[in-house]
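Scroll down for the structure; my scribbles are underneath it.
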Amino acid sequence: MIVEAVNRAPQRWSGRDDGPGPEHLRWHHVVGAEGTADVAFLGFRSDEGVRRNKGRPGAADGPRAIREALASMALPAPVAAADAGDVEVADGALESGQERLGRAVTGLLDDGRFVVVFGGGHEIAYGSYLGIAESARVRSGAKLGVLNLDAHFDLRADETPSSGTPFRQMADRERQRGEGLHYAVLGISQPSNTKALFDTADELGVDYLLDDHCGPANLAAVDEFVDRFLAGCDVVYLTIDLDVLPAAVAPGVSAPAAYGVPLETIQHVCERVAASGKLALCDVAELNPGLDIDNRTARTAARLVHRIATTQRTHR
């Protein structure tokens, strides 16, 4: 299932090497054979959804940049990791690419892996959702929760899927199954979302927290928001749109934030979710290396992945 879905084979990881032994471990030392892995990395090379949403293209190269930034990060303890390669969207075939991503994610989850997907535009979210929704655990009755760290709801009802529609697509699919989507968003920017989108969020029962209420002084409210979300589900899919962060921290995205949520808050939320024992799947979206400055966005994305993966491993 995984091999059929992935159309770019994984490349060998490399990076700084200070010597042998666990005291010198970095990510590139531990990415090996998929059969022995606790965590599996997968890329989604696509900016077709961003193009359709009239954003700035370039996110298709995001997976490469995140891998390069993550490779030399030092590990606090040994971890078994594997790179499953990339699902690449070519010739505008977004929908089939999302379906292939979903099949790859399902296969990795059902093999017992914690899965991290590197994007790609935020159209990655619908493919990731398809993967976890079809996983054995969710199909057996586990309640799925989707937590989005994002400046945008991405609930557009456009006929053509894009980076602005994935969570509306999820809600529609869940409705067809007779279910409601347990969806929460942290970091919503009021100026970046029309009243129609707020109305849609209310109609769908979406829980959200505005970026104005996510500063360091608001951590108690942030924790309450996250804990309320976690209490309503058994298994979590966490999706991070890097445009939730301030532009100074994440300049390399399609739509840099004028305000944004501080990195310390986003990292805190990621760690809290990873420590819950419910996190099964995470993806990172919207890194556009061609718009990045000094690899700031790539390094930030890699740090979040690093913190999530190392925390999740100790709470499985």
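Predicted, not measured: the structure shown is a model, and the values here were computed from it.
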ILVMFWY network linking [X] to [Y], side-chain heavy atoms under 4.5 angstrom:
X	Y	result
Val87	Val50	no
Tyr259	Ile188	no
Leu291	Val249	no
Leu263	Leu238	yes
Met73	Ile308	yes

Donor + acceptor pair across side chains of Ser46, Glu123 (<3.5 Å) = yes
task = For Asp158 and Thr165, test the side chains for any donor-to-acceptor distance below 3.5 angstrom and give the result as yes or no.
result = no
May I ask you to decide if [Y]'s main-chain N or O and [X]'s side chain share a donor-acceptor pair within less than 3.5 Å?
X	Y	value
Asp61	Gly58	no
Asp86	Leu42	no
Arg45	Arg8	no
Ser276	Val273	yes
Lys143	Gly232	no
Asn148	Gly187	no
Thr265	Val261	no
Arg113	Asp111	yes
Ser163	Gly121	no
Gln98	Ile124	no

key: Check against side chain to side chain contact (heavy atoms under 4.5 Å, CB included), Phe114 and Leu281   = CA-CA 6 Å; Phe114 169 56; Leu281 169 66; 5.8 Å; no
inquiry  = side chain to side chain contact (heavy atoms under 4.5 Å, CB included) for Arg313 and Val39? Distances and angles first, verdict last.
reply    = CA-CA 8 Å; Arg313 182 180 179 274; Val39 55; over 6 Å; no
Would you call [X]-[Y] a salt bridge at under 4.0 Å N-O?
X	Y	result
Arg173	Glu134	yes
Arg67	Asp83	yes
Asp110	Arg137	no
Arg26	Asp18	yes
Glu179	Arg175	no
Asp154	Arg168	no

Can you tell me how far the [atom1] atom of [X] sits from the [atom2] atom of [Y], to the nearest 0.5 Å?
X	Y	atom1	atom2	answer
Arg299	Ile66	CZ	CD1	13.5 Å
Leu75	His24	CG	NE2	13.5 Å
Thr160	Leu94	OG1	CG	10.0 Å
His182	Leu230	NE2	CG	7.5 Å
Glu286	Thr239	CD	OG1	9.5 Å
Leu242	Thr297	CG	OG1	7.0 Å

For a 4.5 angstrom cut-off between non-hydrogen side-chain atoms, does [X] reach [Y]?
X	Y	result
Val253	Leu287	no
Asn7	Arg100	yes
Leu186	Ile266	yes
Pro76	Thr310	yes
Phe167	Phe153	no
Asp283	Val116	no
Leu130	Leu101	no
Asn53	Arg156	yes

Compare every heavy atom of [Y] with every heavy atom of [X], then report the nearest pair and how far apart it is.
X	Y	answer
Ala125	Met170	O-CE, 3.3 Å
Asp292	Ala298	OD2-N, 3.1 Å
Ser72	Gly15	OG-CA, 3.3 Å
Val6	Ala104	CG2-CB, 4.3 Å
Cys233	Gly145	CB-N, 3.6 Å
Cys214	Val222	CA-CG2, 4.0 Å

ask   = Between His306 and Trp27, what is the ring plane arrangement, given parallel below 30°, perpendicular above 60°, and tilted in between?
value = perpendicular
ask   = Does anything in residues 268-293 pair up under ring-ring contact (aromatic ring centres under 6.0 Å, His included), and if so which pairs, sequence neighbours excluded?
value = none
inquiry  = Taking the ring centre of each residue, are Tyr129 and Tyr237 less than 6.0 Å apart?
reply    = no
request  = Determine, step by step, whether Gln267 and Leu304 satisfy the side chain to side chain contact (heavy atoms under 4.5 Å, CB included) criterion, reporting the C-alpha distance in whole Å, the side-chain angles of both residues, the deciding distance to 0.1 Å, and the verdict.
outcome  = CA-CA 6 Å; Gln267 179 174 276; Leu304 293 174; 4.0 Å; yes
inquiry  = Evaluate Leu149 against Cys270 for side chain to side chain contact (heavy atoms under 4.5 Å, CB included), listing each step before the verdict.
reply    = CA-CA 9 Å; Leu149 309 185; Cys270 289; 3.9 Å; yes
Side-chain atoms of residues 202-213: list all donor-acceptor pairs with protein atoms under 3.5 Å, sequence neighbours left out, distances to 0.1 Å.
residue	atom	partner	partner atom	Å
Asp207	OD1	Arg228	NH2	3.4
Asp207	OD2	Arg228	NE	2.9
Asp207	OD2	Arg228	NH2	2.9

request  = I would like to know whether His152 and Asp243 meet side-chain hydrogen bond (donor to acceptor under 3.5 Å, both in side chains); could you show each step before the answer?
outcome  = CA-CA 9 Å; His152 307 92; Asp243 71 17; 3.3 Å; yes
task = Determine, stepwise, if the pair Ser254 / Asn288 fulfils side-chain hydrogen bond (donor to acceptor under 3.5 Å, both in side chains).
result = CA-CA 7 Å; Ser254 176; Asn288 189 327; over 6 Å; no
task = Could you please spell out the steps behind the side-chain hydrogen bond (donor to acceptor under 3.5 Å, both in side chains) verdict for Asp150 and His122?
result = CA-CA 10 Å; Asp150 198 341; His122 214 178; 3.2 Å; yes
